[in-house]
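The block underneath contains the structure these notes are about, expressed in structure tokens.
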Amino acid sequence: MFRQRAENNKKQGDRYYAQSKEAEVRGDKEAAKNYMAQAQYQYKSQKQNEAKAQEHKGKEW
């Protein structure tokens, strides 16, 4: 469960990062800033979910 969430967070983070870079190229600094903030949040969530997965490794629900 946590690993799947981490993978989804990584995918979303990569998508937002790419959108941020595209917005920079277009010259839309505000959109680039917003997309980068979303990407950073997704990467942070990814790390948290990976830590939870490690913490609960071997447990059954």
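Of the possible polar contacts, none joining the S20 side chain to the Y16 backbone as a donor-acceptor pair under 3.5 Å is found.
Using a 4.0 Å cut-off between charged side-chain N and carboxylate O, E24 and K21 make a salt bridge.
Taking CG of N9 as the start and NZ of K47 as the end, the distance is 11.5 Å to the nearest 0.5 Å. Here the CE-CG distance, from M1 to N49, works out to 8.5 Å after rounding to the nearest 0.5 Å. Between atom OH of residue Y17 and atom NZ of residue K10 there is a gap of 10.5 Å, rounded to the nearest 0.5 Å.
If you chain together hydrophobic residues whose side chains sit under 4.5 Å apart, M36 and Y43 fall into the same group.
Across every non-hydrogen atom of A39 and G13, the tightest pair is CB-O, 3.5 Å. Considering every non-hydrogen atom in both Q46 and A6, the closest pair reads CG-O, 3.5 Å.
Annotation for E55: atom CD counts as buried by contact number, over 12 foreign heavy atoms lying within 6.0 Å.
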Where do Q54 and R3 land on the side-chain contact (heavy atoms from CB on, under 4.5 Å) test, with the steps shown first?
CA-CA 9 Å; Q54 190 65 27; R3 291 196 193 286; 4.3 Å; yes
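The closest side-chain donor-acceptor pair between Q38 and Q42, if any, does not fall under 3.5 angstrom.
Taking the side chain as every heavy atom from C-beta outward, Q19 and R15 approach each other to under 4.5 Å.
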